[in-house]
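Predicted, not measured: the structure shown is a model, and the values here were computed from it. Side chains included, hydrogens not; waters and symmetry mates left out as well; all remaining heavy atoms used. Residue numbers start from 1 in every chain, and the chains themselves are labelled A, B, ... in the order their sequence lines are given, proteins ahead of strands.
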Protein chains: 2
Amino acid sequence: MDRAVTISQVAALAGVSTGTASKALNGRGALRPETRLRVQQAAEQLGFVANAAARSLQTGRTYTVGMITTDSIGRFSIPLLIGAEDALGAGQMSVFLCDARDDPIREQYYLRTLLSRKVDGIIVTGRRTQARQPIGRDLPVPVVYAFISSADERDCSVVPDEADGARRAIRHLLAVGRRRIAHVTGPEHHHSAQVRAAGAVDTLAAEGLGLATPVLYGEWSEAWGRQAAGILLSTGADVDAVFCGSDQVARGLAEGLRDAGRAIPGDIALVGFDNWDVMVDGSRPALTSVDMDLEGIGRSAAEMLLAAINGEPVHGHQARPCRLVPRASTAV
Amino acid sequence: MDRAVTISQVAALAGVSTGTASKALNGRGALRPETRLRVQQAAEQLGFVANAAARSLQTGRTYTVGMITTDSIGRFSIPLLIGAEDALGAGQMSVFLCDARDDPIREQYYLRTLLSRKVDGIIVTGRRTQARQPIGRDLPVPVVYAFISSADERDCSVVPDEADGARRAIRHLLAVGRRRIAHVTGPEHHHSAQVRAAGAVDTLAAEGLGLATPVLYGEWSEAWGRQAAGILLSTGADVDAVFCGSDQVARGLAEGLRDAGRAIPGDIALVGFDNWDVMVDGSRPALTSVDMDLEGIGRSAAEMLLAAINGEPVHGHQARPCRLVPRASTAV
DNA sequence: ACTGTCAAGGAAATCGATTGCCTAGAAGCT
DNA sequence: AGCTTCTAGGCAATCGATTTCCTTGACAGT
């Protein structure tokens, strides 16, 4: 069963010492090409794979990073995970996944475990309404925050530029000829809702325009979207487009408007936020939406972590632009 | 900067040898309680955390498992991940996350890395239309398949009992007084579609009934559900309930039926499959659905892996029952 | 022929924690 | 007192790979 091949077996087969075998396999030292080859073949033949524990004990590097999702692993974490795992895997690093479930105790527990495992770095991710407290002070390894941001400005945080997303949504609506734009979004206390709303207002202001109605704050759900449709229509406001704070809100709104006999995009054009496939494709018509490129954020965070591990830390908040994906709900 | 605290520093502070310190911290050997306490306090004071690499080099155990998702991390993998991570975290094990993206080469690469890291075990998960080939032969560590199953019957696979899910759906519809039941589902070549359809047919047969129309195979999408509504109505078949192969199909169907003026559940009751929150809650009315308890499957797979690691391997396929979650779409 | 240089590879220390074996001293027994 | 039996805890080997010296032996230069 447990037939772990060690480097001394490889060395014995190749007729060299373990030290020489190590050098041969790692391309170090001064060896005859012929010897190097003999060792490599022996390793191949025995199926030798170096014991990572032994190696890291000696070198101090583990080629391992920890990834802590502070809230549960959810819809937003997955693309981040994938992106990070992608960038790290290419650098031969493995990822420890830790799901802290919004529990500070679990979080600290995981932090301890990761440190005891001597990870080379840590990525902290998750969904939060506000910037979060740093996960620890004076940690012996670099930390990068992805999607959420650290309250400490010196920490490296990679976040989507949500104001940019809002700007793109509004510009797009203006470009397709809409002028009387409303904004329906999530809870007012939610940072994303605030930033997106402000971004929308600012962009309109730059064109000498304003929102057609005050911002409608609610929750991040389809139900609220449907409800908002009623509110919007009952105000009698003359609206020819709605920028929604999320795809779910937009989908609900679309349903509500359709039920009330409004044509989309004929009467009212619609833009969502998140570019969540099941929502944008399930909506009728398909939903134009703002994509935050979460996978790119995950990848980018991982790259910055790698840089920090290699002694070139990046500090401060990195805001990454969004992308607008046009679909039928804003077709001309 | 932070020089890691080693056990010899703890030993020095407590005035004992490293061996004694180790025994004190691990509850081994014969030590005076007073000595044990002194060491523990010293460790506490210095913030000592044992170097996992050194420990595992000595003990051969790493308290680490690998989790390979064969297809990309998706909607189905998340609950599995969470469940497994939950069960393993409680046992102090850490999880290496590997996303093989349906690429056999990546898969083998990850397998190699995991083995070099001397993981104690491996969980293989992912979505497949059929049972998959075993990930390796004669591996030095136990492997458990979660959600997908291994083609080798001797391997341990934890899977949902989808026929059971179908049975529960049909029984529920019968219980609320429906008799003329149709079935709309995904692609015919998909294993899940087949099993669920067969389960539905068998359950009806046991009551001396049959499906009101032949099974409607299509794809796992809302669009197909909407389309199927049209097909179903155009056949003129007298149907008072539809069991759908997925929540997306059900949601599409619900929309299609509503558009055609049919009342749900008044005219036609609806049951979905997956119990996917955004679908069941977004549907109007909220959708009764079959829950495969993916988190339970993940947890269960992890527990079996732990058992195997402890020398009590479980072999064969473990089918876990589903759960029906009633909502408004089948209200009486 | 003698010395200096260099290439090739071996020997052994090292990383940090665990653990089997051993010993000094205390306690128990006759 | 003399002997045995514990007990508490120290010593040193060990895990596997890396790495820093060292030691060869070959060869060139004078």
query: Think B/Arg28 has a side-chain N or O under 4.0 angstrom from the OP1 or OP2 of C/dT18?
result: no
Under 4.0 Å between any heavy atoms, over every strand shown, what does [X] touch: base, sugar-phosphate, or nothing? Just pick one.
X	answer
A/Ala30	base
B/Ser56	nothing
B/Thr20	base
B/Ser22	base

Could you state the [atom1]-[atom2] distance from [X] to [N], rounded to the nearest angstrom?
X	N	atom1	atom2	answer
B/Leu31	C/dT19	CG	C1'	13 Å
A/Leu57	C/dA13	CG	P	17 Å
B/Tyr63	C/dA17	OH	P	16 Å

query: Are the side chain of B/His317 and the backbone of B/Ser157 linked by a donor-acceptor contact shorter than 3.5 Å?
result: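 The answer is no, because no donor-acceptor pair under 3.5 Å joins these two groups.
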Closest-nucleotide 5' rank along DNA chain C - winner of A/Pro33 and A/Thr18: A/Pro33
statement: Note: for A/Arg36 and B/Leu25 on DNA chain C, the residue whose nearest nucleotide lies more 5' is A/Arg36
task: Scan A/Arg137, A/Gln133, A/Arg132 and name whichever one has a side-chain hydrogen bond (donor to acceptor under 3.5 Å, both in side chains) with A/Asp152.
output: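 When A/Arg137, A/Gln133, A/Arg132 are each tested with A/Asp152, the side-chain hydrogen bond (donor to acceptor under 3.5 Å, both in side chains) holds only for A/Arg137.
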message: Of the options C/dA17, C/dG10, C/dT19, whose atoms approach the side-chain atoms of B/Ala54 most closely?
response: C/dA17
task: Compute the bend angle of the helix from C/dA1-D/dT30 to C/dT30-D/dA1 from the end axes (five pairs per end), rounded to 10°.
output: 60°
message: Is it the case that atom OH in A/Tyr63 sees more than 12 heavy atoms from other parts of the structure closer than 6.0 Å?
response: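 Counting neighbours around OH of A/Tyr63, 12 or fewer heavy atoms of other residues, nucleotides or ligands fall under 6.0 Å, so no.
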- prompt: Is atom CZ of B/Arg112 surrounded by more than 12 heavy atoms (other residues, nucleotides or ligands) closer than 6.0 Å?
  reply: no
- prompt: What orientation do A/Trp276 and B/Trp276 show, parallel under 30°, tilted 30 to 60°, or perpendicular over 60°?
  reply: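 Taking B/Trp276 first and then A/Trp276, their aromatic rings stand perpendicular (interplane angle over 60°).
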message: Taking the basic N atoms (NZ, or NE/NH1/NH2) and the acidic carboxylate oxygens, is any pair closer than 4.0 Å for B/Glu303 and B/Arg299?
response: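 No, this pair does not count.
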- prompt: side chain to side chain contact (heavy atoms under 4.5 Å, CB included) with B/Thr6: which residues, sequence neighbours excluded?
  reply: B/Ser8, B/Gln9
- prompt: Do we see a donor-acceptor contact under 3.5 Å between the side chains of B/Arg117 and A/Thr64?
  reply: yes
message: Need two values: the first and the last nucleotide of DNA chain D, 5' to 3', having an atom under 4.0 Å from any heavy-atom of chain B.
response: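 It runs D/dA8 to D/dG16.
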- request: Rounded to the nearest 0.5 Å, what's the gap from CD1 on B/Ile68 to OG1 on B/Thr125? Could you check?
  value: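 Result: 11.0 Å between the selected atoms.
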